[in-house]
Amino acid sequence: MGKFDGVLLASDFDETLCDGMTNTVPERSLAALRRFMAEGGRFLVATGRAHRTFAPWADKVPMNAPAVLSNGSAIYDFETEQMLWQSFLRPQAADDVEALCRAFPDLGFEAYHGEDIYVHNPNSVTEAHMRKVGAAYTRAPIQEMPQPWTKIIFQQSHGYLERVQAHVLQTLGGHYECIFSSRCLLEFTDKGSTKGQAVLQVAGRLGIAEEHIYCTGDNPNDIPMLKCAAIPFVPGNAAPMVKEVSGARLVCTCAEGAMADIIDILDGIYS
């Protein structure tokens, strides 16, 4: 038995747990997570990354709960190597996305099918993202991309993607989630598939009460899980709108070891 028995902590990965400048998890955060888990706490990563692009990190991050992947479209247990749950875009997604690309001809995207990534109209954002996650892709016509897709990431300038998002929410909002994971990456998932609902699913599987769920993240796609948290923790490097989440508790930046600040606060709550 430990002080953190029955407590779940969920963290975004890029720029919340893993520092993008050094491509490492700060040792201060790692040490705090080991202490948290040694005291009975359950920790998971909730990331926009798919299984393929997060798997290389799985043995470098201390976790003792299933991970939330693909921006809430998948729950994967790296200990047992089992996909526990997954959602997919509806069968009409190819038609929907093709029409969207006709309306926005400069739009590029990545479509995720199993362990494969298919790309339409790649641009500089696409190439930078692929370098960051260390993955290759296959370029293909939209209608020839294998389905089903777990998610799509639209890629262009921020202003262009804001117009795409507004159009999607107005015309297709009943079928899809559409939310930024960074300024130039716009996530497109099945309706209801968010980090928030996935974290709640994991908590239910573990028998953890909602009042003992804590979450942290830095970008708009983290807001659904921050809203589920007893305390939504926000690193100092977070996007301005994330810092405005109701009840947000600001901690140090990712690079400074934000996870350690969070666990220090939990130490006081569960002392």
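Hydrogens, waters and symmetry mates play no part in the numbers below; they use all other heavy atoms, side chains included.
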Are L84 and V68 in one and the same hydrophobic cluster, where Ile, Leu, Val, Met, Phe, Trp and Tyr link if side-chain heavy atoms are under 4.5 Å apart? yes
Could you tell me if the ring centre of F78 sits under 6.0 Å from that of H51? yes
Neighbour count >12 (heavy atoms, 6.0 Å) for atom CE, M241: no
Judged by atom type as modelled, is there a donor-acceptor pair below 3.5 Å linking the side chain of E177 to the main-chain atoms of G192? yes
Common cluster, L200/V245, ILVMFWY with side-chain heavy-atom separation under 4.5 Å: no
Could you go through T194 and Q197, starting from their C-alpha distance and side-chain angles, then the distance that decides it, and tell me whether this counts as side chain to side chain donor-acceptor pair (under 3.5 Å)? CA-CA 6 Å; T194 67; Q197 65 80 25; 5.2 Å; no
Do the side chains of V251 and V45 join up, straight or via other hydrophobic residues, at under 4.5 Å, putting them in one cluster? yes
When rounded to the nearest 0.5 angstrom, what is the spacing between CG in N71 and CZ in R49? 13.0 Å
Between E256 and D261, is a side chain to side chain contact (heavy atoms under 4.5 Å, CB included) present by the stated rule, with each step listed? CA-CA 9 Å; E256 293 168 328; D261 274 12; over 6 Å; no
Is it true that a side-chain atom of R183 and a backbone atom of S157 form a donor plus acceptor pair closer than 3.5 Å? no
So, the side chain of E187 versus the backbone of S181: is there a donor-acceptor pair under 3.5 Å, distance only? no
In terms of ring plane angle, is the pair F36 and F4 parallel, tilted or perpendicular, where the classes change at 30° and 60°? tilted
Could you walk me through whether E39 and V7 satisfy the side chain to side chain contact (heavy atoms under 4.5 Å, CB included) test, starting with their C-alpha distance in whole Å, then the side-chain angles of each, then the deciding distance to 0.1 Å, before giving a yes or no? CA-CA 10 Å; E39 287 283 353; V7 177; over 6 Å; no
Please check if the side chain of R52 supplies one atom and the backbone of E115 the other of a donor-acceptor pair under 3.5 Å. yes
Contacts under 3.5 angstrom, residues 208-216 side chains, donor-acceptor by atom type, not counting sequence neighbours:
| unit_1 | atom_1 | unit_2 | atom_2 | d |
| --- | --- | --- | --- | --- |
| H212 | ND1 | Y270 | OH | 2.7 |
| Y214 | OH | Y270 | OH | 2.8 |
| T216 | OG1 | F233 | O | 3.0 |

Flag, side chain of E15 to backbone of G20, donor-acceptor distance under 3.5 Å: yes
Short side-chain to backbone donor-acceptor contact, H120 and G108, under 3.5 Å: no
Is atom NZ of K227 surrounded by more than 12 heavy atoms (other residues, nucleotides or ligands) closer than 6.0 Å? no
Going only through I, L, V, M, F, W and Y residues with side-chain contacts under 4.5 Å, is there a path from W149 to L100? yes
Does D190 reach the main-chain N or O of S193 with its side chain, forming a donor-acceptor pair under 3.5 Å? no
Heavy-atom count check: over 12 atoms from other residues, nucleotides or ligands less than 6.0 Å from E98 CD? yes
Trace of the side chain to side chain donor-acceptor pair (under 3.5 Å) decision for Y118 with Q147: CA-CA 10 Å; Y118 293 87; Q147 291 194 61; over 6 Å; no
May I have the step-by-step check of salt bridge (charged side-chain N to carboxylate O under 4.0 Å, His left out) for D264 and R35, ending in yes or no? CA-CA 10 Å; D264 284 345; R35 176 165 56 88; 3.2 Å; yes
Using the rule that Ile, Leu, Val, Met, Phe, Trp and Tyr join whenever any side-chain heavy atoms are under 4.5 Å apart, tell me whether V133 and I117 fall into a single cluster. yes
Crowding at CD, Q170 (>12 non-hydrogen neighbours, <6.0 Å): no
More than 12 heavy atoms from other groups under 6.0 Å of CZ on R90: yes
Quickly, which of I223, L185, L161 forms a side-chain contact (heavy atoms from CB on, under 4.5 Å) with F180? Name it, please. L161
